[in-house]
Amino acid sequence: VKFIGDHKNKPFFAYLPFLAVHTPIRARADLVAKYDAKAKAAPADSWGREGANKVRLVQNVPTYAAMLEQLDSGIGRVVAALKENGLEENTVVIFTSDNGGLSTSEGWPTSNLPLRGGKGRQWEGGIREPYYILVPGLTDAEEATKSGPTSNTPVTGSDFFPTILELANLPLRPEQHLDGVSLLPLLHGKTIPERPLVWHYPHYGNQGGEPSSIYRQGPWKLIHYYEDSRDELYHLRRDPGEQNDVAQEHPERVKTMRQSLENYLQSVDAKYPEPDPRFTQQAGDAKRDRVRAELLPRLEKQHAEFLDPDFHPGKNWWGSSLWVED
């Protein structure tokens, strides 16, 4: 808010990454109390499972809800500052997130239903995000919103750069945004050329993610797993919750999309997971048993502590000395 006031007489760019909503799950005591009261009428905990990880299927964590209200209030203060400084009619406001809600580990504070999975996972609950762009003064804004202020065209974070360039009346720099396209036509209620979208995740993740790649083409979504070379195929328009893997029913489509995915990854010199030469099946089985018998129960106990109203991360959370006391 101070930055906006200090720069109101000249063009500025403000990038504001909130800590919320993120671990540690901690919020103002008065807001936690507010949602504690609401939680009494909320559904009881419900759980599913994705591989070795359980998945939260209901949103009823008061502290998480309180963090969301703090986030909303913070955004409200920023928008109010634009109005107070006379900038609301010539300032573009963009809001998004970097991943889906944390539903599969680290305290399991939220659910992404009806989407499957969550942060760090390859299903829509891990990669489909809020994505809002507010552009005041578009001449055909009325036409653009006749069917409602939303678009069903799949887009990604890499589209922000060329979009912002065009909104600022600056020339595009295609050598710098090879994977992004300007979304200005969508903001005018028009269309952009259909294109495939690719996610490449060639490693394991602490939320249970597996080495995999995703290739989305129209409503079709292919997930390729590197451990055993299996594929999953979903039709997101008919099955947004990814409950019906139809790879066996469409082998030719799987083959074609796999080849397109491979061509793209090779064209950008993508890195692939490599087998560990030290691996033996016996050692792998022993590690899996240790994870199930020792590591996962210990993590569940630790993560449950994150949701305790009295939890405090200390002054060196994840190596940071920036924790501020209430």
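Computed from a prediction, not measured in an experiment: that's the story for all the values here.
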Shortest non-hydrogen contact from [X] toward [Y]:
{"X": "Ala42", "Y": "Asn60", "answer": "CB-CB, 3.9 Å"}
{"X": "His7", "Y": "Phe12", "answer": "O-CD2, 3.4 Å"}
{"X": "Leu184", "Y": "Leu167", "answer": "CD1-CD2, 3.3 Å"}
{"X": "Pro211", "Y": "Pro273", "answer": "CB-CG, 4.0 Å"}
{"X": "Val155", "Y": "Asp159", "answer": "CB-OD2, 3.4 Å"}
{"X": "Asp231", "Y": "His224", "answer": "OD1-ND1, 2.8 Å"}

Please answer: with hydrophobic residues joined when any side-chain heavy atoms are less than 4.5 Å apart, are [X] and [Y] in the same cluster?
{"X": "Leu222", "Y": "Leu265", "value": "yes"}
{"X": "Met67", "Y": "Val58", "value": "no"}
{"X": "Ile4", "Y": "Phe95", "value": "yes"}
{"X": "Ile94", "Y": "Leu186", "value": "yes"}
{"X": "Leu16", "Y": "Val93", "value": "yes"}

About how many Å separate [atom2] of [Y] and [atom1] of [X], when rounded to the nearest 0.5 Å?
{"X": "Thr156", "Y": "Arg216", "atom1": "OG1", "atom2": "CZ", "answer": "11.5 Å"}
{"X": "Glu89", "Y": "Lys83", "atom1": "CD", "atom2": "NZ", "answer": "10.0 Å"}
{"X": "Ser103", "Y": "Trp47", "atom1": "OG", "atom2": "CH2", "answer": "9.0 Å"}
{"X": "Asn244", "Y": "Leu233", "atom1": "CG", "atom2": "CG", "answer": "11.0 Å"}
{"X": "Arg49", "Y": "Thr104", "atom1": "CZ", "atom2": "OG1", "answer": "11.0 Å"}
{"X": "Ser111", "Y": "Leu102", "atom1": "OG", "atom2": "CG", "answer": "11.5 Å"}

Quick one: do the [X] and [Y] side chains pair a donor with an acceptor below 3.5 Å?
{"X": "Gln59", "Y": "Thr110", "result": "yes"}
{"X": "Gln259", "Y": "Asn263", "result": "yes"}
{"X": "Ser213", "Y": "Tyr226", "result": "yes"}
{"X": "Tyr215", "Y": "Glu262", "result": "no"}

Only one of Glu242, Glu50, Glu124 clears salt bridge (charged side-chain N to carboxylate O under 4.0 Å, His left out) with Arg116; which?
Glu50
Which ILVMFWY residues are connected to Tyr225, directly or by a chain of links, through side-chain heavy atoms under 4.5 Å apart?
Trp123, Ile127, Leu197, Trp199, Ile214, Ile223, Tyr234, Leu236
More than 12 heavy atoms of other residues, nucleotides or ligands under 6.0 Å from [atom1] of [X]: is that the case?
{"X": "Arg237", "atom1": "CZ", "result": "no"}
{"X": "Arg230", "atom1": "CZ", "result": "yes"}
{"X": "Asn90", "atom1": "CG", "result": "yes"}
{"X": "Tyr132", "atom1": "OH", "result": "no"}
{"X": "Glu274", "atom1": "CD", "result": "no"}
{"X": "Gln282", "atom1": "CD", "result": "no"}

Between Tyr64 and Trp108, is a side chain to side chain contact (heavy atoms under 4.5 Å, CB included) present by the stated rule, with each step listed?
CA-CA 10 Å; Tyr64 195 85; Trp108 296 269; over 6 Å; no
Name the orientation class of the two ring planes belonging to His203 and Tyr201 (parallel below 30°, tilted from 30 to 60°, perpendicular beyond 60°).
tilted
Report the C-alpha distance between Asp289 and Arg292 in whole Å, list the side-chain angles of each, state the deciding distance to 0.1 Å, and finish with yes or no for salt bridge (Lys or Arg N to Asp or Glu O under 4.0 Å).
CA-CA 5 Å; Asp289 292 342; Arg292 290 176 175 173; 5.1 Å; no
Under a 3.5 Å distance rule, please check whether [X] uses its side chain to pair with a backbone N or O of [Y] as donor and acceptor.
{"X": "Thr96", "Y": "Pro130", "answer": "yes"}
{"X": "Asn99", "Y": "Lys119", "answer": "no"}
{"X": "Asn85", "Y": "Lys8", "answer": "no"}
{"X": "Ser151", "Y": "Thr153", "answer": "yes"}
{"X": "Gln243", "Y": "Gly241", "answer": "yes"}
{"X": "His250", "Y": "Arg253", "answer": "no"}

Going by side chain to side chain contact (heavy atoms under 4.5 Å, CB included), Leu183 matches just one of Thr163, Ile164, Val135. Which one?
Thr163
Do [X] and [Y] have side-chain heavy atoms sitting under 4.5 Å apart?
{"X": "Thr63", "Y": "Tyr35", "result": "no"}
{"X": "Glu166", "Y": "Leu172", "result": "yes"}
{"X": "Arg288", "Y": "Val291", "result": "no"}
{"X": "Ser182", "Y": "Leu165", "result": "no"}

Under 4.0 Å between a Lys/Arg side-chain N and an Asp/Glu carboxylate O for Lys2 and Asp6?
yes
Salt bridge check: are Glu232 and Lys221 linked by an N-O gap of less than 4.0 Å?
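No.
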With salt bridge (Lys or Arg N to Asp or Glu O under 4.0 Å) as the test, would you mind laying out the steps for Arg195 and Asp179 before giving the verdict?
CA-CA 10 Å; Arg195 56 181 171 151; Asp179 293 323; over 6 Å; no
